[in-house]
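Report on one structure; see the data block that follows.
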Amino acid sequence: MEFEIWWLLAFPLFFVLGWLAARVDIKQVVTESRALPNSYFRGLNFLLNEQPDKAIEAFLEVVKLEPETIDLHFALGALFRRRGELERAIRMHENLLEREGLAEEQRLRAQGELGQDYLKAGLLDRAEEVFHKLLQTPQHGVARTYLLEIYVQEKDWQKAINAARELQNDTSKPLNADIAHFYCERALLDAARGHPDAAAAHLQQALASNRQSVRANLMAGDLDAAAGQHEAAIAYWRLVETQSAAHMALVVERVLGSYRQLGRMEEGVQWLRALYARQPSQDVFSALYLAVSETEGALAATQLAREELRRNPSLRTLDRLLEAQLINAEPGERELLQVEKSLVAAHSQRMMRYQCDSCGFKAKQFFWRCPACGRWDSFDPERQESES
Ligand SMILES: [Zn+2]
């Protein structure tokens with residue numbers, strides 16, 4: 001390529017153009033920042049200095065002075081809701097909705113935000129009304145998600161089942177596992193009202209929705225056991241191992257109870273020993289230990305506890321070992337062993353907890369839905385020793 005003299009002229013021209021472009025940008029930024037009230041910058045300053053309360057007051061002033069700052073309204077409304085200042089959040093969103101000339105998209109967004117405020121404030125009827133209206137709008141996906149949440153809180157399981165199905169069609173988000181839980185909840189109510197047949201039918205629907213529903217097999221076993229059909233109950237409970245081996249921790253006591261009722265405890269212990277080899281959790285060990293002490297005596301139980309303590313040292317196993325030793329102890333050793341056992345037992349009982357994998361919430365009781373974060377199937381079915 002040959003060098004042409006006019007290129008020498010092109011360079012300064014580009015330079016001048018670039019300089020002009022930069023000046024225009026700077027000018028625009030300065031104009032925009034002049035248009036914003038001082039309180040906006042004060043608010044930013046407070047935010048940067050981690051003084052959120054003062055920042056909010058400053059931003060509220062901006063909203064008063066410059067009512068067109070719609071995004072700031074939304075940001076403040078959502079912030080109030082997150083901080084639990086629900087009255088302020090509701091007022092913010094209601095004010096937005098009362099405004100004339102608000103674009104349709106923003107009006108729908110404000111309605112969705114208001115519905116969330118009502119939901120968090122526990123005003124479920126009002127929230128339901130708002131989200132119902134949004135079903136016919138482009139916000140239908142969000143509306144269905146919150147309607148489902150409302151039905152779950154209201155324990156209206158049939159509506160929850162329908163809403164989850166529609167949401168699944170709407171968003172292709174898989175909700176079969178949740179739907180199975182809703183059927184199990186229906187079965188629970190049926191059983192409590194003395195309708196075991198209706199309960200069994202709902203459990204079958206739960207399994208049709210989710211073949212992996214541990215809860216449905218567990219509850220089907222409970223129904224059969226309550227009707228004295230222990231053989232059938234054991235068959236349901238043993239199915240749980242094919243779905244989730246960890247959940248056998250919730251099942252072992254039930255299986256042994258039914259073997260006991262059938263007068264076939266030895267068979268139960270044999271099954272449990274084999275399960276323990278496959279799934280050596282603390283809860284399975286505990287059940288095995290009790291079953292072995294019952295059928296084979298304290299010496300066999302002591303040996304079992306020693307092996308477990310070597311393999312998996314824990315306070316709970318130590319408690320079991322002391323318990324077994326106490327049975328065979330000489331009268332002179334008994335008093336001290338008893339004191340040791342009570343101390344260890346009290347401590348280990350306090351420490352054994354189920355825990356939510358999602359939010360870390362700990363509880364003595366197992367939950368299918370975490371009471372803290374509301375997620376289904378988030379609890380680890382095996383209890384762990386925990387410090388708090
Ligand atoms: Zn949780």
Side-chain angles (χ1 to χ4, degrees), residues 78-86 89 112-113 115-124 127-128 131 141-157 159-161 163-164 167-168 171 173-189 206 209-210 212-219 222 240 243-253 279 281-284 286 314 316 348-388:
L79 183 68
F80 287 144
R81 185 171 64 241
R82 218 172 32 247
R83 287 161 56 107
E85 296 180 52
L86 297 165
E113 295 290 325
Q116 290 179 57
D117 300 337
Y118 287 147
L119 179 59
K120 194 160 181 196
L123 303 167
L124 299 185
E128 191 177 339
F131 289 122
V142 177
R144 288 218 161 88
T145 305
Y146 287 111
L147 278 172
L148 175 58
E149 171 65 30
I150 291 166
Y151 299 142
V152 168
Q153 283 196 27
E154 287 174 341
K155 298 189 192 299
D156 192 332
W157 303 112
K159 276 190 178 174
I161 289 166
L167 185 61
Q168 202 167 234
T171 59
K173 183 183 167 200
L175 288 166
N176 289 329
D178 294 41
I179 293 172
H181 275 295
F182 304 156
Y183 277 118
C184 288
E185 294 287 346
R186 291 206 67 183
L188 211 57
L189 291 174
S209 177
N210 175 23
Q212 294 306 313
S213 172
V214 168
R215 190 184 184 187
N217 278 330
L218 200 147
M219 286 177 65
D222 286 348
V240 169
Q243 298 174 306
S244 159
H247 280 86
M248 289 310 279
L250 301 175
V251 169
V252 280
E253 302 275 0
Q279 188 63 26
S281 77
Q282 284 211 18
D283 288 303
V284 174
S286 237
S314 76
R316 199 175 173 204
S348 103
Q349 288 277 312
R350 248 199 331 268
M351 286 171 74
M352 289 310 289
R353 291 282 185 275
Y354 292 105
Q355 187 169 5
C356 170
D357 286 338
S358 178
C359 72
F361 179 76
K362 288 175 190 164
K364 280 189 178 173
Q365 192 193 336
F366 176 82
F367 289 99
W368 294 104
R369 180 178 191 246
C370 174
C373 71
R375 279 192 55 178
W376 293 96
D377 287 321
S378 63
F379 261 63
D380 187 341
E382 290 171 0
R383 283 183 290 177
Q384 307 289 341
E385 285 185 355
S386 113
E387 289 302 324
S388 54

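Ligands are counted one by one from 1 in listed order, and the atoms in each one are counted from 1 as well.
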(Q) Taking the ring of Y146 and the ring of F131, is the distance between their centroids below 6.0 Å? (A) yes
Q: Give me the ring orientation class for Y354 and F366: parallel if the planes are under 30° apart, tilted from 30 to 60°, perpendicular past 60°.
A: perpendicular
Q: Measure the OG-CE distance between S213 and M219 for me, rounded to the nearest 0.5 Å.
A: 9.0 Å
Q.
I need the full list of salt bridge (charged side-chain N to carboxylate O under 4.0 Å, His left out) pairs touching residues 143-155, with sequence neighbours left out, sorted by first then second residue.
A. R144-E166, R144-D170, E149-R369
Q) Taking only residues two or more places apart in sequence, or in another chain, which ones meet A164 in a side-chain contact (heavy atoms from CB on, under 4.5 Å)? A) L148, L175, I179, F182
**Q.** side-chain contact (heavy atoms from CB on, under 4.5 Å) against R83, all qualifying residues, sequence neighbours excluded
**A.** P52, D53, I56, L79, E85
Q: For the Zn ion (ligand 1), check which protein N, O or S atoms are under 2.8 Å away and list them.
A: C356 SG, C359 SG, C370 SG, C373 SG
